[in-house]
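First comes the structure, then the notes that go with it.
Both counts, for ligands and for their atoms, begin at 1 and track the order of listing. These numbers were taken from a predicted model, which means no experiment stands behind them.
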Amino acid sequence: MRFGDRIRKLLGMEVVGDEDWDDLADLLVEGDLGAAFADSVVEELKAECARTGVRTGDEARLALKGLLSAYARPVSIAPSLGGLNIVMLLGVNGVGKTTTSAKLAKYWMDNGASKKVVLAAGDTFRAAAIDQLRLHGERLGVRVVAQERGSDSGAVLFDAIESATAVGADLVIADTAGRMHTKQNLIKELEKMDKIVASKADTARYRRLLVVDATTGQNALRQAESFSAAVKIDGLVLTKYDSSARGGVALAIARQLGIPTAFVCDGERYEDIGPFDPDRYLDEFLGLGS
Ligand SMILES: Nc1nc2c(ncn2[C@@H]2O[C@H](COP(=O)(O)OP(=O)(O)OP(=O)(O)O)[C@@H](O)[C@H]2O)c(=O)[nH]1
Ligand SMILES: [Mg+2]
């Protein structure tokens with residue numbers, strides 16, 4: 001059963017009783033809000049329902065939507081005209097960074113936001129990562145700038161930016177490694193790449209997206225904490241939303257760290273990406289709407 005349907009079923013009653021609130025808090029924890037957030041939002045909801053005289057489950061879900069909407073924060077990330085834009089994708093291994101790099105290239109070419117994209121193979125840790133990005137480049141007709149495995153990822157980004165400028169591209173999408181020998185190495189590497197890009201790019205055209213896997217629950221919150229301690233994160237990409245559709249962790253990340261969500265991915269095909277739509281997202285999460 002989809003998460004939203006479980007909420008709908010739980011709050012299906014005519015009159016919401018005391019034990020229902022506890023069950024709701026438990027279910028919201030399963031939806032990846034985390035215990036403290038779930039408890040506090042249910043307390044708020046209880047108070048609001050008492051104050052406004054809300055009694056039915058349907059009304060309660062609507063009121064809950066209102067409370068959660070403070071944390072369903074969208075951000076619009078798109079290349080802007082008149083200069084070179086850089087979008088760097090960050091995240092731990094396996095979350096979908098490489099796939100999302102390719103999806104975004106196609107998405108922005110298709111909607112006219114970019115005339116010419118360069119993909120940068122900033123994951124130099126694994127040889128297969130470079131081949132994977134090259135394959136996407138071939139399929140999409142997009143230039144891929146890469147060096148051999150083990151080379152300096154900052155140098156790859158530097159090259160990609162030079163190359164993009166030389167061929168008149170307006171967008172560099174940089175894939176990065178999700179894995180290093182140690183977590184400390186990974187963070188250092190990111191800080192270094194970030195400095196290189198920041199020194200070559202117009203800050204208004206440089207965006208860092210953190211990719212998180214919706215199926216990993218509260219782990220994604222911890223990842224967001226460590227990445228945002230190293231570099232400024234402009235927005236989230238919530239991937240694998242198709243296989244979970246709980247996705248409450250995006251709300252938890254916004255509440256805890258103030259990071260908004262830019263895109264949601266719900267499948268493995270290039271087209272399976274779209275801008276984060278808070279209204280639709282909350283309706284799905286709470287089993288509202290159709
Ligand atoms: N169902 C589903 N699968 C996805 C989605 N995004 C990515 N995947 C799959 O997740 C797997 C990992 O994706 P990658 O793009 O290689 O992830 P990565 O973050 O680059 O991984 P590393 O390079 O190992 O750090 C692949 O099998 C993708 O097809 C999504 O939105 N939905
Ligand atoms: Mg990858």
Side-chain angles (χ1 to χ4, degrees), residues 2-3 32 77 87-108 117-140 142 144-151 153 156-157 160 172-183 185-190 193 208-217 219-220 222-224 226-227 230-231 233 235-250 253 261-277 280-281 284-285:
R2 289 177 66 89
F3 186 76
D32 295 332
I77 303 267
V87 174
M88 186 154 84
L89 294 176
L90 307 165
V92 301
N93 61 289
V95 289
K97 295 176 298 298
T98 306
T99 311
T100 304
S101 308
K103 284 177 176 174
L104 284 174
K106 180 165 162 49
Y107 177 77
W108 281 322
V117 184
V118 167
L119 285 168
D123 181 357
T124 58
F125 195 69
R126 292 184 306 121
I130 300 168
D131 296 338
Q132 191 188 352
L133 199 67
R134 281 209 171 105
L135 188 65
H136 285 303
E138 274 166 34
R139 286 187 190 143
L140 297 172
V142 167
V144 175
V145 172
Q147 293 177 9
E148 75 255 34
R149 175 178 178 270
S151 55
S153 51
V156 174
L157 278 189
V172 171
I173 299 177
D175 186 23
T176 63
R179 187 167 11 196
M180 282 279 135
H181 298 290
T182 66
K183 192 174 138 191
N185 275 350
L186 176 65
I187 299 295
K188 272 215 194 93
E189 184 85 2
L190 294 178
M193 283 200 286
R208 286 138 291 211
L209 294 176
L210 181 69
V211 182
V212 296
D213 175 339
T215 66
T216 60
N219 270 332
R222 248 145 274 138
Q223 292 157 18
S226 16
F227 278 87
V231 298
I233 304 295
L236 292 184
V237 178
L238 190 65
T239 59
K240 309 190 195 181
Y241 189 60
D242 48 312
S243 33
S244 144
R246 305 189 310 240
V249 74
I253 291 174
T261 301
F263 291 98
V264 176
C265 297
D266 58 359
E268 296 186 87
R269 297 168 313 158
Y270 290 128
E271 305 76 57
D272 296 330
I273 188 165
F276 175 61
D277 175 345
R280 192 179 133 193
Y281 168 87
E284 270 166 17
F285 188 69

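Checking Lys97, Glu268, Lys103, Arg269 against atom 3 (N) of ligand 1, the nearest heavy atom belongs to Glu268.
Every atom of ligand 1 with a heavy atom of Asn93 under 4.0 Å away is listed here by number and element: 24 (O), 25 (O). Remark: ligand 1 atoms within the under-4.0 Å shell around heavy atoms of Asp123 are 23 (O). Of all the atoms in ligand 1, the ones that sit under 4.0 Å from a non-hydrogen atom of Arg126 are 22 (P), 23 (O), 24 (O).
Within the 4.0 Å heavy-atom criterion, the part of Asp266 lying near ligand 1 is the backbone and not the side chain. Both the backbone and the side chain of Val95 come within contact range of ligand 1, each with a heavy atom under 4.0 Å. Heavy atoms of Cys265 found under 4.0 angstrom from ligand 1 belong to the backbone as well as the side chain.
Checked against a 3.5 angstrom limit, the closest N/O atoms of Thr99 and ligand 1 fall inside it. Polar contact check, Asp175 against ligand 1: no nitrogen or oxygen pair lies under 3.5 Å apart. Looking at Tyr241 next to ligand 1, no N or O pair under 3.5 Å apart turns up. Between Gln132 and ligand 1, at least one N/O pair is under 3.5 Å apart. Checking only distances, Thr100 never comes within under 3.5 Å of ligand 1, N or O to N or O.
Heavy atoms of Asp242 come nearer than 4.0 angstrom to ligand 1 in at least one pair. Residue contacts with ligand 1: Gly94 is included, with a non-hydrogen atom under 4.0 Å away. Not a single heavy atom of Gly91 sits under 4.0 Å from any atom of ligand 1.
A distance of 6.0 Å or more separates the ring centres of Phe263 and Phe276. For Trp108 and Tyr270, the ring centers are positioned 6.0 Å apart or more.
Inclusion of Thr98 in the first shell of the Mg ion (ligand 2) is supported: an N, O or S atom falls under 2.8 Å.
The protein heavy-atom contact nearest to atom 11 (C) of ligand 1 is Lys240 NZ, 4.0 Å.
Under a 4.0 Å N-O distance rule, the pair Lys97/Asp175 does not qualify as a salt bridge.
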